[in-house]
Structure formats: structure tokens, C-alpha cells
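Source: prediction; values computed, not measured. We use all heavy atoms of the structure for the numbers below, so side chains are in, but hydrogens, waters and symmetry mates are not.
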Amino acid sequence: MDSPTVIALLGFVLWTLFLLIVMEVMRVWWVLAKTFPANEFKPDNSNLSPFLQRLARAHANCIEGIPVFGGLFIIALLTEQTAVTDPLAYLFLAARIAQSLAHLLSLHVMAVNLRFVFFTVQLVLGFYWAVKLILALVQ
């Protein structure tokens, strides 16, 4: 299926997986290089570099968003209402990736504001889709 909804959902999951892989590759490298003990990692990376802390948070943001936004995509797919999500699905995925990248690159006020804008785009799309899906299902 080449539906933008399917591609965006898959992209969201793959992006989340990519962030996790990057984090775990770095952790494994440190353990193998004996620069950090395997039993000392904290889930939020708070005892590691600021970048690794931001990476853990960017990954957590994705994990937190999958039930909500992924759920909307799945509902659209299951109810054959992808006409609701398809037109803006790629915008959603771009906003999610951009939010993560802004999170990874900096904690500067401009980056934080951009991250908020990208998250707001996702929230607006999610709310819009939820309303449209409800309306489509009650008709």
C-alpha cells in the first residue's frame, strides 16, 4: 500500500527506531571501550553528555507520540478513512523529524522555539484528524 498514511506511520516508527539505535550504538561503544560501565546508564542519560540527554529525550518524545498520532493513523487505516490523514501525513512526519532534529542540535532559545512550533504542527494535525475521523465515523 502506498498510502501517505501508511508511509508516514512507518516513517514515524522507523525514525523512533533510528534514534534508539543511535543511542544504543553509542552506549555499546562506550561499554566495549571500557569508558563507561554497562550498569551505570540511567534511562534518561542524565549521567552522560548533554547531547545524549537530548537524544534520550527526543526518543522519548517519539515514544510518547506513537500511541496518539500512530493511533490516529491506525484508526484511519482500519476504518478506511485515510482520505482524512493522507493529505497531511507527510507534513506530520516532517514536523516530527524536524522536532527531533531541533532537540538534538541545540538548547538555544531559537531551537527550543522551533521545536515547539514543530510539535504544535503535530498537535494541530492530530486534533484536526481526530475531529474529522469522529465526524466521518458518525455519519
In terms of hydrophobic clustering (I, L, V, M, F, W, Y; side-chain heavy atoms under 4.5 Å; direct or indirect links), are [X] and [Y] co-clustered?
X	Y	value
Leu114	Phe119	no
Val117	Leu123	no
Leu55	Leu107	no
Met110	Phe116	no
Met26	Leu48	yes

Is it true that Glu40 and Arg27 make a salt bridge, defined as a side-chain N closer than 4.0 Å to a carboxylate O?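 So Glu40 does not pair with Arg27 through a salt bridge.
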From [atom1] ([X]) to [atom2] ([Y]), nearest 0.5 Å:
X	Y	atom1	atom2	value
Ser100	Leu105	OG	CG	10.5 Å
Leu17	Glu24	CG	CD	11.0 Å
Thr5	Gln81	OG1	CD	10.5 Å
Ile63	Arg57	CD1	CZ	11.0 Å

Shortest non-hydrogen contact between [X] and [Y], atoms and distance:
X	Y	value
Thr16	Cys62	OG1-CB, 3.2 Å
Leu9	Gly70	CD1-CA, 3.7 Å
Pro4	Ala89	O-CB, 3.4 Å
Arg54	Ser106	NE-N, 4.1 Å
Ala8	Phe73	CB-CZ, 3.9 Å
Asn45	Gln53	O-CG, 3.0 Å

Residue pair [X] / [Y], side-chain heavy-atom distance below 4.5 Å:
X	Y	result
Thr85	Tyr128	no
Leu19	Leu104	yes
Ile97	Phe118	no
Leu14	Phe18	no

What do you reckon, is CZ of Phe127 surrounded by more than 12 foreign heavy atoms closer than 6.0 Å?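 At most 12 heavy atoms, drawn from other residues, nucleotides or ligands, come within 6.0 Å of this atom.
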Is it the case that over 12 heavy atoms from other parts of the model lie below 6.0 angstrom from the CD atom of Glu64?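 Result for CD/Glu64: enclosed.
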Give the intermediate values and the outcome of side-chain contact (heavy atoms from CB on, under 4.5 Å) for residues Trp29 and Thr35. CA-CA 9 Å; Trp29 175 258; Thr35 58; 5.8 Å; no
How would you list, by chain and number, every residue that makes a ring-ring contact (aromatic ring centres under 6.0 Å, His included) with [X], sequence neighbours excluded?
X	result
Trp30	none
Phe12	Phe92
Phe41	Phe36

Residues in side chain to side chain donor-acceptor pair (under 3.5 Å) with Gln122, at least two apart?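 Expected list: Arg96, Gln99.
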Listed partners of Ser49 passing side chain to side chain donor-acceptor pair (under 3.5 Å), at least two apart: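 Partners of Ser49 by the side chain to side chain donor-acceptor pair (under 3.5 Å) criterion come out as none, since no residue qualifies.
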Please evaluate residues Leu88 and Trp129 with respect to the criterion side-chain contact (heavy atoms from CB on, under 4.5 Å), reporting the C-alpha separation (whole Å), side-chain torsions for both, the decisive distance (0.1 Å), and the verdict. CA-CA 9 Å; Leu88 298 170; Trp129 289 334; 3.8 Å; yes
Leu135: side-chain contact (heavy atoms from CB on, under 4.5 Å) partners, not counting sequence neighbours: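 Applying side-chain contact (heavy atoms from CB on, under 4.5 Å) to Leu135 gives Val131.
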